[in-house]
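Beneath this line is the structure, given in structure tokens, with notes to follow.
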Number of protein chains: 2
Amino acid sequence: MTELLATARHQQILESLRLNGQVRVTALAEELGVSEMTVRRDLNTMAASGSLVKVHGGATLDAAPTSNEPGFAKKLALELEEKQAIARAAVAMIRPGMSIALNSGTTTFALAGLCTRINDLTVVTNSPRIAEIFYAEDNHSQNIILTGGIRTVSDALVGPLALSALGQLHVDILFLGVHGMTVEGGFTTPNMLEAQTNQAFLKAAARQVVVADHTKWGVTGLCQIAGLGEVDALVTGSMLEPETAEILRQSIESLVLA
Amino acid sequence: MTELLATARHQQILESLRLNGQVRVTALAEELGVSEMTVRRDLNTMAASGSLVKVHGGATLDAAPTSNEPGFAKKLALELEEKQAIARAAVAMIRPGMSIALNSGTTTFALAGLCTRINDLTVVTNSPRIAEIFYAEDNHSQNIILTGGIRTVSDALVGPLALSALGQLHVDILFLGVHGMTVEGGFTTPNMLEAQTNQAFLKAAARQVVVADHTKWGVTGLCQIAGLGEVDALVTGSMLEPETAEILRQSIESLVLA
DNA sequence: TCATAAACGAACAAATTCGATCATATTCTA
DNA sequence: TAGAATATGATCGAATTTGTTCGTTTATGA
């Protein structure tokens, strides 16, 4: 067997991994004609770059077949404190008896956790994960409405069913999580179907509130949901740069720094 | 059989658990080619991480992944073997490329667990719990459509949104779980909204298959879903009494005893 | 209630795997 | 070509995993 370059070896390890679902250090060492130590080093670097997960004896794909959506927990941890602060500021806008809408997102997820004790609340969401929070709480004075549809990787129900459902509903306040916002691009998301669904959310709400941490500023996703001036309020973190805040204030009626 | 990594073993245990609803230490030890002690240790770590619940002799599915709905796990355990047999008989009716519908119920839940590997399958369901099974499997050739609506205590999405969604869809086969069936009452359920939703399911399907274990016979719920003769097939357990089977055969085109 | 068999888990032993470290070989750069 | 940087191999003690034994606990039927 000819000597393989390190990167070629990595390639081959990945291939074997995809083929068998798992690889063992000992088997790879023999297969590739290198020492076990080298294989371990390879696996370490590849694990560091996230292309596989090391386990005792070898490595597996990042599968995480049971705990689905590994990215979600990670995203939720990002800027967690800020998200919590934003959620606290947003929940102050809600009164018992209101109907609200929450699209799928980590910030709206955090907000949902603060809403379970509000009596006589109606919640419309396209996120099974958010709906689950309310189901678990089991507050019988609350009405949880899940839109239908097909689920995207970011836990959002989208598509014709979601649009049709949102077309039949009207809520007092929408809290909209977004992926990016810029002056030119407005509020954006990388997923076209989610953008469409979020637009339906906007139409269904009397008052539109975007919730987004400061890292979203300057980010542009593939699809625009709305222009900056098309929403009623923006709740974001207090570490937003002053110049940015000034720009936003010119476009948006109400800017809340949590 | 190549040696399995510890994590791969855990995955296999989970799969077996989802498939059968329960696992036994002795059976797993033989199946996986490891000692019983190792299986126990696996179950312990998996129980600690919350992915299953240990019981004497083996393990079962988590009572409730998100802690609510204590009745569901209990119902699932009831007549478990019969439900599994019914599910196996029902899954034989499904071909790759088909679109199927599953209403909310423990028998349809068991059936869903057997469907995750069928390629090119479209599944319509009003049960977030059933949808979750498919999400976790992450088979990208499958299309999972969740109807919208309000969730009942038995994990069914119902109401105008569910009806509207089902009005827009057409599937090849509906597998319908019911709460009771009698000659006079037909197929029934205790929840009026679920009855209405299930009727919408019936309308949306080219072929209607009721799945029900033998204990459902003689039970009458508050609301009728359909008369006995209004469905195309009934899959039920083989311990159904012969006289009952005879009566059913007179009304239903196809009676399958699993 | 008691007896019995199965299941359990603690403890120990054996085998395997891991990674830190150092020596050697190869490649890159000046 | 010399020297540096990098990649690889080898060694060995530590950590992990697995199997076995054996006393204890649990389930079940008489």
Side-chain angles (χ1 to χ4, degrees), chain A residues 1-17 19-67, chain B residues 1-17 19-63 73-82 84 239:
Chain A
M1 135 121 35
T2 73
E3 293 253 328
L4 280 176
L5 247 43
T7 54
R9 224 171 37 225
H10 289 194
Q11 206 77 20
Q12 199 154 334
I13 290 174
L14 270 185
E15 188 172 330
S16 172
L17 193 51
L19 211 62
N20 308 314
Q22 65 168 38
V23 287
R24 322 192 100 258
V25 171
T26 51
L28 279 179
E30 184 168 354
E31 199 175 314
L32 302 171
V34 295
S35 73
E36 296 188 2
M37 195 60 233
T38 299
V39 172
R40 285 202 194 89
R41 275 188 279 245
D42 284 344
L43 294 184
N44 276 329
T45 59
M46 294 170 77
S49 77
S51 40
L52 52 77
V53 175
K54 273 195 59 182
V55 297
H56 194 89
T60 68
L61 284 171
D62 192 355
T66 50
S67 72
Chain B
M1 151 91 102
T2 72
E3 291 244 335
L4 278 178
L5 293 167
T7 54
R9 224 173 36 224
H10 289 193
Q11 287 179 24
Q12 200 153 333
I13 290 174
L14 269 186
E15 185 171 335
S16 172
L17 194 52
L19 224 59
N20 307 313
Q22 61 172 36
V23 288
R24 300 188 54 78
V25 171
T26 51
L28 279 178
E30 185 169 353
E31 200 174 312
L32 301 171
V34 295
S35 72
E36 296 187 4
M37 193 62 226
T38 299
V39 172
R40 284 201 194 91
R41 275 188 278 243
D42 284 345
L43 294 184
N44 277 330
T45 59
M46 293 170 76
S49 77
S51 38
L52 52 78
V53 174
K54 275 193 57 182
V55 296
H56 194 87
T60 69
L61 280 171
D62 189 345
K74 216 175 283 178
K75 275 193 206 158
L76 191 59
L78 278 177
E79 317 295 336
L80 179 63
E81 273 184 43
E82 187 180 353
Q84 291 295 338
M239 56 264 281

Where chain B begins and ends its contact with DNA chain C, read 5' to 3' at 4.0 Å from heavy atoms: C:dA7 to C:dA10
Under the side-chain hydrogen bond (donor to acceptor under 3.5 Å, both in side chains) test, residues paired with A:T45 that sit two or more places apart: none
Under 4.0 Å protein heavy-atom contacts per nucleotide of nucleotides 15-28 of chain D, with B for base, S for backbone only and - for none: -SSBBB-----SS-
Residue pair B:A59 / B:L17: nearest heavy atoms and the distance that separates them: O-CD1, 3.7 Å
Set of residues satisfying side-chain contact (heavy atoms from CB on, under 4.5 Å) with respect to A:E36, sequence neighbours excluded: A:V25, A:T26, A:A29, A:R40
Contacts of type side-chain hydrogen bond (donor to acceptor under 3.5 Å, both in side chains), residue B:T38, not counting sequence neighbours: B:S35
Residue pairs passing the salt bridge (Lys or Arg N to Asp or Glu O under 4.0 Å) test where at least one lies in residues 42-58 of chain A, sequence neighbours excluded: A:R9-A:D42
Rounded (10°) bend between the five-pair end axes of the helix from C:dT1-D:dA30 to C:dA30-D:dT1: 40°
Euclidean distance, atom CZ of residue A:R40 to atom C1' of D:dA10 [Å, nearest integer]: 12 Å
Minimum side-chain heavy-atom gap B:T7-A:Q22 below 4.5 Å: no
Heavy-atom closest contact (B:L5 atom, A:V23 atom, distance): CD1-O, 3.5 Å
Least distance between heavy atoms, A:H10 atom then A:M46 atom: O-CE, 3.5 Å
Partner set under side-chain contact (heavy atoms from CB on, under 4.5 Å) for A:E15, not counting sequence neighbours: none
Minimum heavy-atom distance B:L52-B:T60, with the two atoms named: CB-O, 3.6 Å
